[in-house]
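Here the structure comes first, spelled out in structure tokens, and everything after it is commentary.
The analysis underlying the following values was restricted to heavy atoms, covering all of them including side chains, and did not include hydrogens, waters or symmetry mates.
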There are 2 protein chains.
Amino acid sequence: MRAWAPACQAVALLLGPYAEVVLHDPDTDRILAIWNPMSARSPGDPSLLGDLNALDLSARDVFGPYEKLLADGRRLTSVTAILRDPDGKASAVLCINLDRTPLEQAAALLTAFGAPTASRPEQLFEQDWYERVQQLVGTYVRECSRPVERLTRADRLAVLARLEAARVFDVRRATPVVARALRVSRSTVYGLRAELKAPDRKDQTR
Amino acid sequence: MRAWAPACQAVALLLGPYAEVVLHDPDTDRILAIWNPMSARSPGDPSLLGDLNALDLSARDVFGPYEKLLADGRRLTSVTAILRDPDGKASAVLCINLDRTPLEQAAALLTAFGAPTASRPEQLFEQDWYERVQQLVGTYVRECSRPVERLTRADRLAVLARLEAARVFDVRRATPVVARALRVSRSTVYGLRAELKAPDRKDQTR
DNA sequence: ATTGCTTTGGACATATTGTCCATTCTAGAT
DNA sequence: ATCTAGAATGGACAATATGTCCAAAGCAAT
């Protein structure tokens, strides 16, 4: 039923990957819609609501929270709501399944681990990105036992890839430093770097 | 609107004391119903939805998740959904506000605990300077248990000193990020930063 | 020497960073 | 509540830094 979709989507969105929202059709016993499916179910599949139908639908509209167990061991907390038309007819059944394991792990860790007072936000921020450049280049040079000036084009590409991976270029003014370390011009660094990003074509049709 | 109540109640029930579910009347701009109120609002009170009405209600039905901040410093994650009648008319606006602080505390502890100190030869370069900014600001905020927006000038100076010490500004594009994290303008960041460097004189005789 | 690459300096086009300042805000004091 | 000094803001602008391009060299293998 289209009317409920926004509400369902909102819930699914809010609870991120840990909640599954399912809308069932109580007449056909099939899934109408599903958000963040945790098992591989999709609209049209049988609901497998089974015992729910045994519940007295007229007595209450909201059931739960109760616990479910997934085959893979995940512990779910579920709630169910009967959604009614303006005329009172049950037009859909809403189930929200919340995966509790991540929270439980956190809680377990928390209780198991006394009171760790402060965290360790220490700055291994790497003051010395400059050193790091020297280090990465130096290491490579040693690896292929060849001085910086005798590095082949491919070598330079490789070194740049490492520097790139180390996020060196996120640092201000890094490019000239790298160029110098590689005994190469600034232009060349940009050129090679572009090549890394666009592995094949020589033409820069951008 | 009676039709939505079960769904709202179900969500409120599932998310326990940490989620507030509010149903607004888009016509009168008042609260229709509210579950688990976090602030002292009740049905009939004005919605204070303000800017929401400015949103193009016809464009989308679901907004968010976006972040809200309570005066007392609690961090909320909110989603909003436009609920429509069978004939398409927006009959209600659903807001779910989830208090994230308990989760954040758990998560913070978790990440702090998970930090495997050693064995990080490569990229201790801190890919994640962005995280680091959030982290440093967040820590400070927690230390003085005051939301970012309520930080005093002196506080901001202190935070900036830490960021400076962590060499955050060596990273490209860091300033705007910091400004945003501090909920302050770019200009202000530069201003405060200048102040840090020249502790006394107001004139910039350099 | 000629060919088919790559590198190089620069010139330029963009983007980012810093400065400045007229206005707008805000926290206190009145 | 109103006023006021100091602070923050947004936007213009200047200064730098980053990227692109390309014509003019290098350079190695014919």
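At D:dT9, one or more side-chain N or O atoms of B:Thr188 fall inside 4.0 Å of OP1 or OP2 (strictly under the cut-off). OP1 or OP2 of D:dT9 has at least one side-chain nitrogen or oxygen of B:Ser185 nearer than 4.0 Å. Residue B:Arg193 places none of its side-chain N or O atoms closer than 4.0 Å to OP1 or OP2 of C:dT17. Of the side-chain N and O atoms in A:Tyr190, one or more sit less than 4.0 angstrom from OP1 or OP2 of D:dG19. For A:Thr175 and D:dA17, the shortest distance from a side-chain N or O to OP1 or OP2 is not below 4.0 Å.
Atom CG of B:Asp170 is separated from atom C1' of D:dT18 by 17 Å (rounded to the nearest Å). The interatomic distance linking A:Arg180 (CZ) with C:dT7 (P) rounds to 19 Å, in whole Å. As a whole-Å value, the separation of B:Glu195 CD from D:dA8 C1' is 12 Å. Here the C1' atom of nucleotide D:dT18 and the CD atom of A:Glu164 are 14 Å apart, to the nearest Å. Atom CG in B:Asp155 sits about 14 Å away from atom P in C:dA27, given to the nearest Å. Taking atom NZ of B:Lys197 as the reference point, atom C1' of C:dG18 lies 9 Å away to the nearest angstrom. Atom CG in B:Leu196 sits about 14 Å away from atom P in C:dG18, given to the nearest Å. Atom CZ in B:Arg153 sits roughly 13 Å away from atom C1' in D:dA5 (whole-Å rounding).
The only member of A:Val189, A:Leu182, A:Thr188 that meets side chain to side chain contact (heavy atoms under 4.5 Å, CB included) when paired with A:Ser185 is A:Thr188.
Across all their heavy atoms, B:Pro176 and B:Arg186 have their closest contact at CG-CD, 4.4 Å. Residues B:Leu32 and B:His24 come closest through the heavy atom pair CD1-O, 3.7 Å.
Residue-level contact check: B:Arg173 touches the backbone only, with heavy atoms under 4.0 Å from sugar-phosphate atoms and none from bases. Using a 4.0 Å heavy-atom cutoff across all strands shown, A:Arg172 reaches sugar-phosphate atoms only and no base atom.
Under the 6.0 Å distance and 45° angle rule, B:Arg193 counts as a cation-pi partner of B:Phe169.
Other residues, nucleotides and ligands place no more than 12 heavy atoms under 6.0 Å from the CZ atom of A:Arg150.
No N or O donor and acceptor, one from the side chain of A:Arg186 and one from the base of C:dG9, sit under 3.5 Å apart. You'll find a donor-acceptor pair under 3.5 Å spanning the side chain of A:Ser187 and the base of C:dG10, going by distance alone.
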